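All remarks here apply to the structure that follows.
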Amino acid sequence: TIFGQAVDTKYPSVMYFEKRNGEWQMVFFTYFELPVDPPSIAVKKDYLKAFTGLYEVSPELIFEVGASDTALVYKKVNSAGAGTVLYPIDNNGRFFRAGTESEFIFEKDNQGRSIVRQRRNWIDFIWYKKP
């Protein structure tokens with residue numbers, strides 16, 4: 001408790017050892033703050049369906065965004081697997097990916113095109129919705 005406020009930050013660490021000259025030596029150590037997910041809200045499936053479709057980063061990299069009952073799911077077109085779940089943060093097109101400090105913002109750009117603004121560390125990566 002700091003100044004009457006509960007602070008609970010978790011820090012996992014990584015240590016890497018190599019055997020050198022017959023002795024084990026630690027050659028790398030780091031620790032990092034474990035991200036905390038924002039609370040997800042309940043939304044209607046119709047709200048989620050508004051964001052479904054194909055989004056292009058480049059002609060070679062296209063993602064498909066689909067809707068489950070409670071969240072969005074995206075994956076690279078023609079890839080195997082279940083995809084990555086995006087949980088809604090609010091009713092304004094903002095979603096998050098669990099376990100990462102990233103946000104996905106569905107919006108219109110200055111030309112009126114539908115985009116996804118993938119934000120991590122305050123750097124935006126833009127996906128454009130295919131017509």
Side-chain angles (χ1 to χ4, degrees):
T1 303
I2 301 173
F3 298 108
Q5 298 181 49
V7 178
D8 183 20
T9 304
K10 294 181 174 75
Y11 294 93
S13 61
V14 176
M15 293 181 276
Y16 176 72
F17 292 84
E18 283 185 2
K19 200 168 194 177
R20 294 180 177 176
N21 300 322
E23 302 275 331
W24 284 101
Q25 294 181 348
M26 183 170 49
V27 294
F28 176 78
F29 171 79
T30 189
Y31 68 96
F32 53 94
E33 185 176 343
L34 194 62
V36 177
D37 294 335
S40 178
I41 66 164
V43 295
K44 295 183 179 181
K45 191 163 185 175
D46 287 344
Y47 171 75
L48 297 171
K49 284 183 180 179
F51 305 113
T52 62
L54 297 176
Y55 292 82
E56 183 175 76
V57 175
S58 75
E60 298 82 30
L61 188 56
I62 300 171
F63 291 93
E64 180 177 9
V65 175
S68 73
D69 288 336
T70 58
L72 294 175
V73 179
Y74 79 92
K75 70 178 192 171
K76 186 178 174 184
V77 169
N78 298 324
S79 69
T84 302
V85 178
L86 301 178
Y87 299 97
I89 298 172
D90 62 22
N91 286 307
N92 297 314
R94 292 177 52 226
F95 294 79
F96 73 93
R97 187 175 134 196
T100 66
E101 293 185 61
S102 60
E103 188 174 348
F104 293 75
I105 306 161
F106 290 78
E107 61 186 5
K108 301 276 188 195
D109 69 5
N110 293 338
Q111 285 96 27
R113 296 177 294 185
S114 294
I115 64 168
V116 177
R117 184 180 303 276
Q118 183 179 356
R119 180 171 288 163
R120 188 165 184 168
N121 295 327
W122 298 104
I123 298 171
D124 291 350
F125 189 72
I126 308 296
W127 311 359
Y128 294 91
K129 189 169 187 178
K130 291 179 69 68

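Along the sequence shown, the residues carry numbers beginning at 1. Note that the structure is predicted; figures quoted are calculated from it, not measured. All values below come from the heavy atoms of this structure, side chains included, with hydrogens, waters and symmetry mates left out.
Shortest non-hydrogen contact noted between Phe32 and Pro12 is O-CD, 2.9 Å. The two atoms that bring Lys49 and Thr52 nearest to each other are O-OG1, 2.9 Å, heavy atoms only. Between Val65 and Tyr55, the shortest heavy-atom contact is CG2-CD1, 3.6 Å. Heavy-atom minimum distance, Val73 versus Ala82: CG1-O, 3.3 Å. When all heavy atoms are compared, the tightest approach of Gly93 to Phe51 is CA-CZ, 3.8 Å. In terms of heavy-atom proximity, Met15 sits nearest to Phe29 at CG-CD1, 3.3 Å.
Residue Thr70 holds its OG1 atom at 11.5 Å from CD1 of Ile41, rounded to the nearest 0.5 Å. Summarising the geometry, atom CD belonging to Glu107 is positioned 6.0 Å from atom CD1 belonging to Ile105; distances are rounded to the nearest 0.5 Å. In this structure, OH in Tyr47 is found 8.5 Å from CG in Leu72, a value given to the nearest 0.5 Å. How far CZ of Arg20 is from CD of Gln25: 5.5 Å, rounded to the nearest 0.5 Å. Rounded to the nearest 0.5 angstrom, Ile89 CD1 and Arg94 CZ are separated by 4.5 Å. We find the OG-OH distance between Ser68 and Tyr87 to be 8.0 Å, quoted to the nearest 0.5 Å.
Side-chain contact between Val43 and Asn91: present, with at least one pair of heavy atoms (C-beta onward) separated by less than 4.5 Å. Residues Val57 and Ile62 form no side-chain contact, since every pair of their non-hydrogen atoms from C-beta on lies 4.5 Å or further apart. Side-chain contact between Lys76 and Leu61 is present, with heavy atoms from C-beta onward closer than 4.5 Å.
Within 6.0 Å of CD in Gln111 there are more than 12 heavy atoms belonging to other residues, nucleotides or ligands. Residue Lys45 places its NZ atom among more than 12 non-hydrogen atoms of other residues, nucleotides or ligands, all under 6.0 Å distant. Other residues, nucleotides and ligands contribute over 12 non-hydrogen atoms within 6.0 Å of the CD atom of Glu18. Within 6.0 Å of CG in Asp90 there are more than 12 heavy atoms belonging to other residues, nucleotides or ligands.
In the model, Trp127 has a side-chain atom that pairs as donor or acceptor with a side-chain atom of Gln118 under 3.5 Å. Lys108 and Ser114 form a side-chain donor-acceptor contact under 3.5 Å, judged by distance and modelled atom types alone.
If you chain together hydrophobic residues whose side chains sit under 4.5 Å apart, Phe96 and Leu48 never meet in one group. A continuous path of Ile, Leu, Val, Met, Phe, Trp and Tyr side chains, each step under 4.5 Å between heavy atoms, connects Phe125 with Leu86, placing both in one hydrophobic cluster. Connection of Ile115 to Phe63 is not established within any shared hydrophobic cluster, with ILVMFWY side chains joined at heavy-atom distances below 4.5 Å, either directly or through further cluster members.
A salt bridge does not link Glu101 to Arg120: none of the charged nitrogens lies less than 4.0 Å from a carboxylate oxygen. Salt-bridge check for Arg119 with Glu103: failed, with every basic side-chain N at 4.0 Å or more from each acidic carboxylate O.
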*Decide yes or no on salt bridge (charged side-chain N to carboxylate O under 4.0 Å, His left out) for Lys75 and Glu64, but give the supporting numbers first.*
CA-CA 6 Å; Lys75 70 178 192 171; Glu64 180 177 9; 6.0 Å; no
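Taking the six-membered ring for Trp, Phe95 and Phe106 have ring centres closer than 6.0 Å. Aromatic ring centres of Tyr74 and Phe104 lie closer together than 6.0 Å.
With hydrogens and angles disregarded, a donor-acceptor distance shorter than 3.5 Å links the side chain of Asp37 to the backbone of Gly99.
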